[in-house]
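Have a look at the structure below before the remarks.
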2 protein chains.
Amino acid sequence: MDDIKEKLDIFHNHCKAKGLKVTPQRTEIYKTLIASKEHPSAEMVYEKIRQTLPNVSFDTVNRTLNTLNDMGAAFIVEGCGDVRRFDGNMENHQHFKCINCKKIFDFSHKTFDNISVPENLLGDFKVLRAVVYIEGLCKSCQEKK
Amino acid sequence: MDDIKEKLDIFHNHCKAKGLKVTPQRTEIYKTLIASKEHPSAEMVYEKIRQTLPNVSFDTVNRTLNTLNDMGAAFIVEGCGDVRRFDGNMENHQHFKCINCKKIFDFSHKTFDNISVPENLLGDFKVLRAVVYIEGLCKSCQEKK
DNA sequence: TTACTATATAGGTTTAGCTACTATTTTGTT
DNA sequence: AACAAAATAGTAGCTAAACCTATATAGTAA
């Protein structure tokens with residue numbers, strides 16, 4: 001998997017370009033995030049990262065995740081209330097969230113991948129992000145009821 | 001404005017159908033929410049409602065707003081982090097949120113109002129809500145910078 | 001109307017998620 | 001090797017939101 005190595009290289013250059021230092025913690029947090037498919041919360045990343053860096057503080061994890069979001073290396077998944085969930089996959093994709101088990105599922109849909117923002121909005125607003133958000137019940141949660 | 005009276009009637013029937021009691025607090029909170037155009041947080045509803053019901057508790061407001069969400073008389077506005085914002089307008093519409101001032105603007109767009117959910121999702125998920133969420137900077141926040 | 005039962009409320013307590021602060025350490029660069 | 005800018009650990013603080021329990025109320029049935 002040189003894919004990860006490549007992503008880390010890009011990430012390191014990205015950091016330098018933004019004047020951010022490349023620290024082991026930052027690298028490890030980023031690596032954990034892109035390796036995860038579950039759109040983890042800060043708490044979930046913290047638990048995982050302690051296996052490799054036992055002395056890292058929760059604050060560092062949370063702050064770093066926000067930094068990744070600010071620099072555009074990751075983003076906060078849109079949702080309704082609940083804990084912040086992060087996503088390191090910057091490729092165009094959509095999310096379905098189960099309101100019962102809170103799992104987030106990725107999916108891709110051509111027409112959603114490039115949403116054309118209404119022109120009357122473009123005049124007044126600077127659009128930074130446009131996504132389709134779908135929520136409901138996943139298969140196993142439907143069966144439970 | 002018999003529109004409000006009509007909505008209240010529907011709401012009361014809706015409550016009874018779900019086995020929920022029609023209390024003055026519940027009615028007033030619902031009325032406040034549908035009268036508001038600003039997608040208020042629980043705190044904002046609480047402040048407003050104290051003008052008519054000075055003895056209401058914050059917990060009641062917050063719990064009731066969640067009840068409204070659960071029964072389908074309102075919903076929590078999707079977003080990234082921040083405080084929960086509620087919306088009593090159940091008609092199809094989309095949201096634009098300014099990440100600076102946190103204001104939420106409604107807009108309507110034909111192609112968004114009836115998003116066709118991918119068929120492969122329909123098989124596994126029960127879709128309860130599908131909306132387009134746009135975030136960025138509103139006009140006045142752009143000018144400030 | 002009155003009495004009864006299930007549900008809702010007020011008020012206080014508690015928790016969770018997140019942010020702020022400061023002394024110390026580390027990175028990246030001269 | 002030394003220096004300055006920036007990041008980290010650890011603690012402490014804050015705010016939103018959920019929990020708990022005694023009391024009050026709505027809806028129902030006699």
Side-chain angles (χ1 to χ4, degrees), chain A residues 8-9 11-32 39-47 49-50 52-71 73-77 79-86 99 102, chain B residues 8 11-33 39-47 49-50 52-71 73-77 79-86 99 102:
Chain A
L8 282 180
D9 279 346
F11 174 62
H12 288 166
N13 290 333
H14 195 165
C15 284
K16 284 175 190 168
K18 296 256 177 183
L20 298 165
K21 293 186 176 171
V22 177
T23 63
Q25 292 89 338
R26 199 166 270 173
T27 303
E28 198 62 28
I29 289 167
Y30 179 71
K31 218 160 71 183
T32 303
H39 312 82
S41 63
E43 182 66 37
M44 287 154 89
V45 174
Y46 178 60
E47 288 305 327
I49 214 121
R50 282 171 67 86
T52 45
L53 298 172
N55 288 323
V56 85
S57 74
F58 175 78
D59 184 48
T60 296
V61 174
N62 193 48
R63 189 168 19 73
T64 301
L65 287 170
N66 283 330
T67 304
L68 294 181
N69 179 57
D70 292 342
M71 70 188 279
F75 61 92
I76 299 169
V77 179
C80 294
D82 294 327
V83 193
R84 276 189 192 172
R85 304 278 287 267
F86 295 87
I99 58 169
K102 313 294 184 192
Chain B
L8 281 179
F11 174 63
H12 288 166
N13 290 333
H14 194 166
C15 283
K16 284 174 189 168
K18 295 257 176 183
L20 297 166
K21 294 185 176 172
V22 177
T23 63
Q25 292 90 336
R26 201 166 269 171
T27 303
E28 198 61 28
I29 288 166
Y30 179 70
K31 218 159 71 183
T32 303
L33 184 61
H39 313 81
S41 63
E43 184 64 35
M44 289 154 89
V45 174
Y46 178 60
E47 288 306 327
I49 214 118
R50 283 170 69 86
T52 45
L53 298 173
N55 288 323
V56 85
S57 74
F58 176 78
D59 185 47
T60 297
V61 174
N62 193 50
R63 189 168 19 74
T64 302
L65 287 170
N66 283 331
T67 305
L68 295 181
N69 179 57
D70 292 342
M71 71 189 279
F75 60 91
I76 299 168
V77 178
C80 295
D82 294 326
V83 192
R84 279 188 190 175
R85 305 280 286 267
F86 295 86
I99 59 169
K102 313 292 183 194

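Worth knowing before you read on, the calculation uses all heavy atoms, side chains too, and leaves out hydrogens, waters and symmetry mates. Chain letters run A, B, ... following the sequence lines, proteins first, then strands; residues in each count from 1.
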Item to check | Between P of C:dG28 and NZ of A:Lys18, the distance in whole Å | outcome: 18 Å
Next on the checklist: How many whole angstroms separate atom CE of A:Met44 from atom P of C:dC18?
Outcome noted: 12 Å
Item to check | Length of the CD-P vector between B:Glu43 and D:dC14, whole Å | outcome: 16 Å
Checklist entry - What is the distance from CZ of A:Phe58 to P of D:dA12, rounded to the nearest Å? => result 17 Å
Checklist outcome for this item: Judged by nearest nucleotide, the residue sitting upstream toward the 5' end of DNA chain D, B:Ala42 or B:Val22, is B:Ala42
Item to check | Donor-acceptor under 3.5 Å (B:His14 side chain, B:Met71 main chain) | outcome: yes
Item to check | Phosphate contact (C:dC18 OP1 or OP2) by A:Asn66 side-chain N/O below 4.0 Å | outcome: no
Item to check | A:Ile29 and its side-chain contact (heavy atoms from CB on, under 4.5 Å) partner, picked from A:Asn62, A:Val61, A:Thr67 | outcome: A:Val61
Checklist entry - Given axes from five pairs at either end, by how many degrees does the helix from C:dT1-D:dA30 to C:dT30-D:dA1 bend, rounded to 10°? => result 40°
Checklist entry - What residues form a ring pair (Phe, Tyr, Trp, His ring centres under 6.0 Å) with B:Phe86, not counting sequence neighbours? => result none
Item to check | side chain to side chain contact (heavy atoms under 4.5 Å, CB included) partners for A:Ser41, two or more places apart | outcome: A:Glu43, A:Met44, A:Val83, A:Arg85
Next on the checklist: I need the A:Thr52 OG1 to A:Gln25 CD distance, nearest 0.5 Å.
Outcome noted: 10.5 Å
Item to check | Gap between atoms CG and P, on B:Asn69 and D:dA17 respectively (whole Å) | outcome: 12 Å
Item to check | Length of the line joining A:Tyr46:OH and D:dG10:C1', which is rounded to integer Å | outcome: 10 Å
Checklist entry - So which of B:Asp59, B:Thr60, B:Asn55 actually passes side-chain hydrogen bond (donor to acceptor under 3.5 Å, both in side chains) with B:Ser57? => result B:Thr60
Checklist entry - For residues B:Arg26 and B:Tyr30, is any side-chain donor paired with an opposing acceptor at under 3.5 Å? => result no
Item to check | Length of the line joining B:Ile76:CD1 and D:dA18:P, which is rounded to integer Å | outcome: 8 Å
Next on the checklist: A:Ile99: which residues meet the side chain to side chain contact (heavy atoms under 4.5 Å, CB included) condition with it, sequence neighbours left out?
Outcome noted: A:Glu135, A:Leu137, B:Leu128
Next on the checklist: Could you work out, with ring pair (Phe, Tyr, Trp, His ring centres under 6.0 Å) as the rule, every residue matching A:Phe75, not counting sequence neighbours?
Outcome noted: none
Checklist entry - How does protein reach along nucleotides 6-12 of chain C, written 5' to 3' as B (base within reach of a heavy atom under 4.0 Å), S (only sugar-phosphate), or - (no contact)? => result BSSBBB-
Checklist entry - Over how many whole Å does the gap from A:Ile29 atom CD1 to D:dT8 atom C1' extend? => result 10 Å
